[in-house]
Amino acid sequence: MKSRSSSPAFFCTHSQKKYKDDTMRFSRMLLPTLKETPSDADVVSQKLMMRAGMIRKVAAGIYNLLPMGLRAVRKVEGIVREEMNRAGAQEVMMPMVVPSELWKESGRWDEYGRELLRLKDRHDRDFCLGPTHEEVITDMVRREVRSYRELPLNLYQIQTKFRDEIRPRFGLMRGREFVMKDAYSFHATDESADKEYQNMYETYTRIFERCSLEFRAVEAETGAIGGRFSHEFMVLAETGEDAIAACDKCSYAANVERAEVRAPETAPGAPSDKKIEKVMTPNKRTIEEVSAYLKIKPSGLIKTLIYETDKGTVAALVRGDFDLNEMKLNRAIDASWVKLADEARVKEVTGAPVGFAGPVGLKVRIVADLSVRSMKDAATGANEVDAHILNVNPGRDFTPEYADIRNAVEGDGCPRCRGTLTIKRGIEVGHVFKLGTKYSKAMSANFLDEEGKERPIIMGCYGIGIGRTAAASIEQNHDDFGIIWPKPLSPFDCEVVPVNVKDAGTTAAAEAIYAELKDAGLDVLLDDRDERAGVKFKDADLIGIPLRITIGERNLKEGLVELKERKGGAMRLVKKEEAVAEAVKFVRG
RNA sequence: CGGGGCGUAGCGCAGCCUGGUAGCGCACCUGCUUUGGGAGCAGGGUGUCGGAGGUUCGAAUCCUCUCGCCCCGACCA
């Protein structure tokens, strides 16, 4: 093998520097900024990433990362990698193309659905593109680990995933192909797994703090990956796809799908003496229609939904102004699935078409939300076409089981304290799960414990959407002019802008400062294009590098250059000789 | 998968209803002027009007099919 030092490519730092040099000149860089917003972009991060020349779409939910985009993604990766390593995890790389056998072994080949992109090789064997890697890593570990002495283990990769999303959208925020950091931990004991869960929770907190993101860790549903409990890390942003409920007094925060609602404490009032009364409501089916027609507020109506479940047919009741939560219903009746009944079945159960169901006289199991318990003289469907009934009272006219089966809303009571829940929107950038033995059992990933007894390995898994994190940062940090990168994620540390490159003095000063900044170890973008000042300034604002050093004839005459911060817009003039030191101070500070 | 919309120059769009020379702005190329917040003048069109078929003397325009993209919904780490 050829010795390393004989190769100039490895040895000569000068040639590397020169190469780097060229990529940092705006005039040489593939950095196609756009004045106009592409018509198919609909969230601000996607618009700005397109306009700032970071990404270009290749197909629905599939993107090219241009140099500027890749630099930002690499910054996120760098932080994630450092913190994962510091937390004791080891980096590996698994294949993107995975043989079907592994997925069949875990059972997910049939369970996962059409989001799993399947393909065949030339021998007609089945493969899939990995949307997540529990199977592969479990296979990897079961082949190598025999003893409790080799545990615990935390292995991670930063790799491209493919999920054939029904509806990709929002650029890098919900692509089909996307870069993800996924980590998997393996343990001999529950305590060890819990400890690692906590370790990852803290690591994630450090990662997102280092990314300068405003986020909350919230309790979450475990979803299709399975497992016992989990937290999502949510970046707070208007455009977030998830709604989260957070307490204004304590640290309680949960995905609204999951958020518990404190039971109302209103004491049951005097029983009503009003008799049930039937009213005709021709063709009024929805809560809105009935509410408007009968001039009763939605909160005075009881919504009755008929569900098919593996525990039989169930009528689920919520107050008219609330939404039923299917997952809560599922848990409340301890079902393995629930499904809204179709029209024919509703007619069978209630004797009326959809829109006129009510609890009174129903022969099926009735589960009512806690909000129904205190309702008095409510209106419901009459189980008869074009009719509703008034003055319905739970306990008197029907006797349901009570449970928390609705979505939390703004103003609900916190389940943990006396505080009030507020609803915010969030972008899920990270997720930590405790998996348990779901995969190790299915795939026989076992180890021998101290007593020589074979036991399934206990697992955890921990994901971070890398591109999504970069996009989330833009959602949270931008203004009308463009991106405002926080220093840790910025593609460059600073940008040098010579106002007029045709002026020899300006160019010389800019080149000198540029060279010095690079020698100081900064990533510097030099806008050496022969463009008008306005064009360069607009692009600088759009690209959003934290510090801009502007060099122009006017100030140069006084021996001065200008430093401008992208965030906040603070601008100051410094002596030319001090510019580099000031810039370094700002970047490192 | 259901509902709606859009495919015309690199980007943003008009033209289509009522068939007859392919157009506007930006970008791009050349020249001159200009040079601290997206310059001005002059010249230049870089196009399979998404694709296929049909109607017609003639199709960007009308009809059929098809592909792609976007939005709303259902779904979802």
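The structure presented is a predicted model; accordingly, all values stated were derived computationally and were not measured. Residue numbers start from 1 in every chain, and the chains themselves are labelled A, B, ... in the order their sequence lines are given, proteins ahead of strands.
- With a glycosidic angle no more than 90° from 0, B:U21 adopts the syn conformation.
- Side chain of A:R174, nearest nucleotide from B:C76, B:A39, B:C69: B:C76.
- When the P atom of B:G10 is taken as reference, atom CG of A:L34 falls 14 Å away, rounded to whole Å.
- Across the protein-nucleic acid pair, A:D242 atom CG and B:C75 atom P stand 14 Å apart, rounded to whole Å.
- Below the 3.5 angstrom threshold, one finds no donor paired with an acceptor across the side chain of A:N500 and the base of B:G36.
- Salt-bridge check for A:E77 with A:K181: failed, with every basic side-chain N at 4.0 Å or more from each acidic carboxylate O.
- For the C1' atoms, the distance from B:C28 to B:A60 is 25 Å, rounded to whole Å.
- Relative ring orientation between A:Y462 and A:Y204 is described as perpendicular, the plane-to-plane angle rising above 60° on a 0-90° scale split at 30° and 60°.
- The separation between A:R548 atom CZ and B:G37 atom C1' is 8 Å, rounded to whole Å.
- Out of B:C69, B:G37, B:G36, the shortest distance to the side chain of A:R554 is found at B:G36.
- For A:D42, taking side-chain heavy atoms from C-beta onward, the closest of the listed nucleotides B:U34, B:G37, B:C70 is B:C70.
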Which atoms of nucleotides 25-30 of chain B (N or O only) lie under 3.5 Å from a protein N or O atom, and what are those distances?
| from | atom 1 | to | atom 2 | distance (Å) |
| --- | --- | --- | --- | --- |
| B:G25 | N2 | A:E36 | OE1 | 3.1 |

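- You'll find that the side chain of A:T550 is closest to B:G36, out of B:G38, B:G36, B:U34.
- A salt bridge is defined here as a Lys NZ or Arg NE, NH1 or NH2 lying under 4.0 Å from an Asp or Glu carboxylate O, and A:R566 with A:E495 fails to meet this definition.
- When both distances must be under 3.5 Å, the Watson-Crick or G-U wobble mate of B:C16 does not exist.
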Identify the pairs formed between an N or O of the protein and an N or O of nucleotides 66-68 of chain B at a distance under 3.5 Å, and give each distance.
none

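- The pairing partner recorded for B:C1 is B:G73, the criterion being a Watson-Crick or G-U wobble arrangement whose two distances lie under 3.5 angstrom.
- For A:E289, there are no side-chain hydrogen bond (donor to acceptor under 3.5 Å, both in side chains) partners, not counting sequence neighbours.
- Contact annotation: side chain of A:R51 to base of B:G38, donor-acceptor pair present below 3.5 Å.
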